[in-house]
J.: 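Have a look at this one.
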Amino acid sequence: MAKMATLILEDGARFRGQLFGADVSVSGEVVFQTGMVGYPEALTDPSYRCQLLTLTYPLVGNYGVPKNEEGEFGLSKVSNYFMSFGYGHPSHWSSVKSLDLWLKEQGIPGLQGIDTRCLTKKIREKGTMLGKLVVDGSPEDSIPFDNPDQRNLVQEVSMKEPRVYNPNGNLRIMAVDCGIKHNQIRCLAQRGACVTVVPWDHPLDSTDFDGLFISNGPGDPQLCQATINNVRKVISVDRPKPLFGICLGHQLLSLVIGAKTYKMKYGNRGHNQPCIHNGTGRCFITSQNHGFAVDPKTLPQDWDVLFTNANDQTSEGIVHNAKPLFSVQFHPEHMAGPTDLVSLFDIFLDTVRDHKEGNVVRPKKVLILGSGGLSIGQAGEFDYSGSQAIKALKEENIQTVLINPNIATVQTSKGLADKVYFLPITPEYVTQVIKNERPDGVLLTFGGQTALNCGVELTKLGVLEKYKVKVLGTPVASIEMTEDRKIFVEKMEEINEHVAPSEAALSVEQAVAAAERLGYPVLVRSAFALGGLGSGFANNKEELTALVTSAFAHTSQVLVDKSLKGWKEIEYEVVRDAYDNCVTVCNMENIDPLGIHTGESIVVAPSQTLNDHEYNMLRNTAIKVIRHLGIVGECNIQYALSPESEQYYIIEVNARLSRSSALASKATGYPLAYVAAKLGLGIPLPQLKNSVTNSTTANFEPSLDYCVVKVPRWDLSKFLRVSTKIGSSMKSVGEVMAIGRSFEEAFQKALRMVDENCVGFDHTIKPVSEKELQTPTDKRIFVLAAAFKAGYTVDQLYELTKIDRWFLHKMKNIADHERLLESYNQSTMPPEVMRKAKQLGFSDKQISIITSVSIHLTELAVRKLRHDWAILPVVKQIDTVAAEWPAYTNYLYMTYHGTENDLAFKDQHVMVIGSGVYRIGSSVEFDWCAVGCITELRKMGYKTIMVNYNPETVSTDYDMCDRLYFDEISFEVVMDIYERENPEGVILSMGGQLPNNIAMSLHRQQCRILGTSPEFIDCAENRFKFSRMLDTIGISQPQWKELSDTEFCETVGYPCLVRPSYVLSGAAMNVAYSDSDLVKYLSNAVAVSKEHPVVISKFIQEAKEIDVDAVACEGVVMATAVSEHVENAGVHSGDATLVTPPQDLNQKTIDRIKMIVHAIGQELQVTGPFNLQLIAKDDQLKVIECNVRVSRSFPFVSKTLGVDLVALATQAIMREDVEPVGLMRGKGVVGVKVPQFSFSRLAGADVVLGVEMTSTGEVACFGENRYEAYLKAMLSTGFKIPKKNILLSIGSYKNKNELLPTVQTLETLGYDLYASLGTADYYTEHGVTAVDWPFEEEDDSECPTKEKQRSIMNYLEENHFDLVVNLSMRNSGGRRLSSFVTKGYRTRRMAIDYSVPLIIDIKCTKLFVQVRHNSSTFHTVD
């Protein structure tokens, strides 16, 4: 029969039960522990010395006791100590003996069969008390009550001699053993530390360690005076070594600094104690075992509470505000219990590492490299990320210095960075700025590939080391690992991850050999390139050779990859801090399969077709890879995932912020750039707050309760001869993001956002073409719509496109519902069908077009019907936590999937409409204006609403305005928001052309438009009304006539200009030189400007063009800024080189300009911004157009001349008293704005300038004169100063003659000149020794033979020429596409493809040579 025993408490209570384990009687303090597992670990914990431990979980012993074997670092898994209650039969593969047997071996008695719940409640109510376990047959009096608080238990359990674990570790940690748990040693050693464990009273000397650790232990901390004194000596210095204390170690550190400890009623013992991290408010579940606590009220200054127990509010941790000293009351090493905070060991060791390297000091001044002019592959997203970085640094009181020549950006505005340099982002200029400013830190990952490449170059040159500038965030070594393909592959192999089979090649021969080994088809990519520059698929050796040859013009290394065309492409955005906290913020799936650059793909977030296993498999891989690469901050990882299995390859890692990060930030509401900047300063991720909820930590992964679809915007129609195929190289110029609660809703919204003339998933835009379905173009999505209309099945389309069937089914839902809508007439259409249509993303206009066959409803009639049926959208918030926590920011979208709004509409706001998608002609400069407007409104005390849907912008950053509607800028949606919000009014003039286009529709619905009246906007936008108005007020303009036959042109003489109304960037504007041109161009113009008139006017050649930006209030002009074009009129103002203040205009001309501006401002009753374009020729000024809105040059003139025109215009619009500024003359500096082209991205596009805009961005620099400013600006676009050989090819006799002095100057400057046949003849005759171009001797009408053509290519390919000047015969506004490929076209194209600087305008050639002549202006930093 089992032996019995009794537990007797000091208050006389008795608990009788069955004895197991050792047959001995014991006494001590009775405590309870609430863990449900981990009894072997609890029984071996030195902190339970002299305690009778009650295990509250009734079923103990169920998995026996594991084998006691020596583990890693010679630490046994269990050592033996003290007491327990409760017991069962073991069942587990790891069990080697029962608990009963093990306790017998250890000499520890156990008691089972008592009411442990009753005992626990007793302790809970009365507090811990003394007790004794008396075995039957032993006299009770022989076992006295033993009070452990009166004994120095630490002395009893601490080791007697020092012992070293993991002697080869790279950090020296000294651990003071007060009763240390072996897992604490293990946690330190596993992380690479050499751990020296010393007795509790061992003398401490800072030179013996890099970091000090104080362990847990039993008893009253006051009894460890020797430890307290020893620790005090090492931390009472100015720069103490890092210290980390756990449990008793926490109490000892508190006593060292002068705080007080007290005995708790019954202590905290268990595995589920919730602890709240102060600062983030995040709660962690912890394992605890202590009977004493620290009184937080007694903490001295400079110390803060780190964690607080959420149940009893006791202090669970302390931290010093500036020194690397912290401690916690709980057990992060989790033996036993949860592992939630084991990362504290990482934080401790990282702090030790930083302290050892002297890196704990925060920088005082940080240099940020911007991205320069917007180009394809590197657009406005870097303005957004750079602005966020500056905000984050300013919050930390760090001085910021920005280098960015992109004058149109928000980040270069006053009031953001402390100092801005408008200079080229090249190693030479950046070195000079570093020399001047002496920053102690630099951020390289916020300016795209430009900043990254420049940073890598500066590191190699030793500049950063020389001036002691620390790279913040991801180290340069990690950046190079991700950029150099070979190293990247090796790094992935180290962790057993696989990259798509790929080889790096340094020559054409190597590339061909690699392709043979991998097997065709292959993908060719350039290393160190952005947006897939110089990449493409090759199906055979010929295609490969052509691709690789042009790729080597941009890079020294190409990558040949095995083609995985048709696989899914998945991306994860990952954030990691310096302490190895790592989370994936967003995952995205490309609708287009692999083979199309992610910037060209339609992307959906979160992924829709991955199951849980695939999602987490790729998530875990992402975290593993990013940790292995040592990236700090934000990065993205791209995968190819097989559609047939779980096989995946890593495509690449971008160790910087990218286009995807801007998209992910806006898609989730998690400000990646802001967080990355903070992490670059060494701030731990858990310390940062989630800025949306304002209460939870940023160390989390957002939950989305909506779907986001991104669609790219292409502007290929603006370029001659460009291929419309899309693939691995990026051609898109912008992108949109739509939010909905179904895929269909977001998808159709996005298609409309990309192009305001598109109504949705429209089958009428393109005919069905199987070729186009297989070989994607920029319009493939509409070919899909036509295919569904034509009856193709999902399976057929999957075989043709390899787009996942899930997406195809969703698209089919739209096509099916469209068919259903067509079948109704007005009287029979049920409300449910309308509601379903709205939920599938159909717009009112789209429904009106679809049903027009049977019903003839207008858009307004559909709107009215919808209102009658109460089919209205609801407003939902993006909150990052799927509504689990309340959101503090109003980041909103509209949806038809919902019954209630997430917020109330009480306050009055002012609504500002943004610029929508970035396209050629409407880019970051309009975002600058919109942001300037909302900033000024907030200063004036107004609450603001911003409507915009472009994820690359600063205006869609939710902390810029009071309410952000991330939704369409269309009449329907703006009106829906207007009806909800009932704002004080709407400002349209800050967002460029798009808001102006809906001005009249809104006005007709009694919408309060602030600023210039929509009737007057129409008067300026409508070409016919505007021309008639100018005639009425007697202002000169080129002869004009509304759309008519060729008679007008014959009367005034060709060339004539065809001009549609309400267009931006000169869309469909053309110069006609003949009747046939005119007929063709008129049909294009009518297509673009369906509802508005097209006007023909005389095209005046060789005139000077002048831009005027102005602000007026009720027709009275308040401020005027004048800029002159370098190029002759006929080059679109967006493509022209602008100079302000003007250098060549006399006072008489300026006065006449002022008179014209005042007259037009008065006639149009302008309130707010407007822009005029004039041409000057033969002392005459003629007006060519007026835009009653901000223009592209507003940021340029505002920043150069020192008056913020947008702030002024906002004040005028809100009817504030505005002090007139008059003509802006500047402050003595000259600004030159130069266009940034992206021809290298657009294979085949001809490099010509005309009346329709082709540049994708701009840069501007300042100088004492225009030469200095022009040079810096040209260098900022990537232009390189020619060293020796220049190739001239000059079209007309007139141009040759005009350039003669310029060419003579080039010769005197010592250049070797080469020229085409006619050009060489002309200049030789005039005494210039231009070398003939020996490859074009035969007659012009013949095409050169293959060999000769090859020779020309070789010359360009071998970088024989440093500059090509190519002026075409008719380079004055025309966009003629000749029937054969001219030599001029071929020369221009080759120059671009081989990265040879190219000038194609006569005036720019002259200016450049003047600059070269005045070479004293080189390389100055101002």
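Source: prediction; values computed, not measured.
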J.: Please enumerate all residues that pass salt bridge (Lys or Arg N to Asp or Glu O under 4.0 Å) together with Glu509, with sequence neighbours excluded.
T.: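 Result, salt bridge (Lys or Arg N to Asp or Glu O under 4.0 Å) vs Glu509: none returned.
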J.: Can you sort out the partners of Ser732 under side chain to side chain donor-acceptor pair (under 3.5 Å), two or more places apart, ordered by chain and number?
T.: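 Side chain to side chain donor-acceptor pair (under 3.5 Å) list for Ser732, sorted by chain: Glu600.
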J.: Can you tell me if Glu634 uses its side chain to pair, donor with acceptor, with the backbone of Glu573 under 3.5 Å?
T.: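 No; zero donor-acceptor contacts below 3.5 Å.
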J.: Between Lys789 and Glu822, does any side-chain N to carboxylate O distance fall below 4.0 Å?
T.: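 Counted as a salt bridge, because a side-chain N and a carboxylate O are separated by less than 4.0 Å.
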J.: Please list all pairs meeting salt bridge (charged side-chain N to carboxylate O under 4.0 Å, His left out) that have one or both residues in residues 604-625, counting only residues at least two apart or in different chains.
T.: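 Listed by first then second residue: Glu497-Lys624, Arg619-Glu701.
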J.: For a quick check under 3.5 Å, do Glu569 and Ser601 share a side-chain donor-acceptor pair by atom type?
T.: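 Not at all, the side chains of Glu569 and Ser601 share no donor-acceptor pair under 3.5 Å.
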J.: Considering residues at least two apart in sequence or located in another chain, which fulfil the ring-ring contact (aromatic ring centres under 6.0 Å, His included) criterion with Tyr648?
T.: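 If we apply the ring-ring contact (aromatic ring centres under 6.0 Å, His included) test to Tyr648, skipping adjacent residues, the hits are Tyr639.
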J.: Between Arg752 and Glu972, is the closest basic N to carboxylate O distance under 4.0 Å?
T.: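 Judged by the 4.0 Å cut-off on N to carboxylate O distance, Glu972 and Arg752 do not form a salt bridge.
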J.: Measuring from atom CG of Leu618 to atom CD1 of Ile623, what distance do you get when rounded to the nearest 0.5 angstrom?
T.: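 Result: 11.5 Å between the selected atoms.
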J.: Would you please say whether a donor-acceptor pair under 3.5 Å links the side chains of Glu483 and Gln557?
T.: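 Absent: no donor and acceptor within the cut-off.
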J.: Does Asn950 use its side chain to pair, donor to acceptor, with the backbone of Gly916 at less than 3.5 Å?
T.: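 Yes; at least one donor-acceptor contact below 3.5 Å.
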J.: Under the salt bridge (charged side-chain N to carboxylate O under 4.0 Å, His left out) definition, can you give me all pairs with a residue in residues 753-769, not counting sequence neighbours?
T.: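 Only Glu756-Arg919, Lys766-Glu772 qualify under salt bridge (charged side-chain N to carboxylate O under 4.0 Å, His left out).
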J.: Which ring pair (Phe, Tyr, Trp, His ring centres under 6.0 Å) pairs, counting each pair once, include a residue from residues 732-759, with sequence neighbours left out?
T.: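 Listed once each, the pairs are Phe743-Phe747, Phe743-Trp806, Phe743-Phe807, Phe747-Phe761.
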J.: Restricting to pairs with a member in residues 778-788, which pass salt bridge (charged side-chain N to carboxylate O under 4.0 Å, His left out), not counting sequence neighbours?
T.: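 Pairs touching residues 778-788 that pass the test: Asp592-Arg780.
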J.: Among side-chain atoms of Thr598 and Glu571, is any donor-acceptor pair under 3.5 angstrom?
T.: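 Their side chains do contain a donor-acceptor pair, which is all the 3.5 Å distance test asks for.
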J.: Just how far is it from atom CG of Leu773 to atom CG of Leu800, taken to the nearest 0.5 Å?
T.: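 The CG atom of Leu800 is 5.5 Å from CG of Leu773, to the nearest 0.5 Å.
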J.: Salt bridge between Asp795 and Arg805, side-chain N to carboxylate O under 4.0 Å?
T.: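 Between Arg805 and Asp795 there is a salt bridge, with a charged N closer than 4.0 Å to a carboxylate O.
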J.: In chain order, what residues pass the salt bridge (Lys or Arg N to Asp or Glu O under 4.0 Å) check against Lys802, with sequence neighbours excluded?
T.: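 Per chain and number, Lys802 pairs via salt bridge (Lys or Arg N to Asp or Glu O under 4.0 Å) with Glu799.
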J.: What pairs with Arg741 under side chain to side chain donor-acceptor pair (under 3.5 Å), at least two apart in sequence or on another chain?
T.: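 Scan of Arg741 (side chain to side chain donor-acceptor pair (under 3.5 Å), adjacent residues dropped) gives none.
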J.: Suppose we screen for ring-ring contact (aromatic ring centres under 6.0 Å, His included). Which residues come up paired with Tyr520, at least two apart in sequence or across chains?
T.: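 With neighbours one apart ignored, the set is empty.
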J.: Which pairs, with at least one residue in residues 515-524 and sequence neighbours excluded, count as a salt bridge (charged side-chain N to carboxylate O under 4.0 Å, His left out)?
T.: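 Only Glu503-Arg517 qualify under salt bridge (charged side-chain N to carboxylate O under 4.0 Å, His left out).
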J.: Check whether the side chains of Glu745 and Thr895 place a donor and an acceptor atom closer than 3.5 Å, and report yes or no.
T.: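 Side-chain D/A pair, Glu745 to Thr895: present.
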J.: Excluding sequence neighbours, so at least two apart, what forms ring-ring contact (aromatic ring centres under 6.0 Å, His included) with Phe537?
T.: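 Checked Phe537 against ring-ring contact (aromatic ring centres under 6.0 Å, His included); zero matches.
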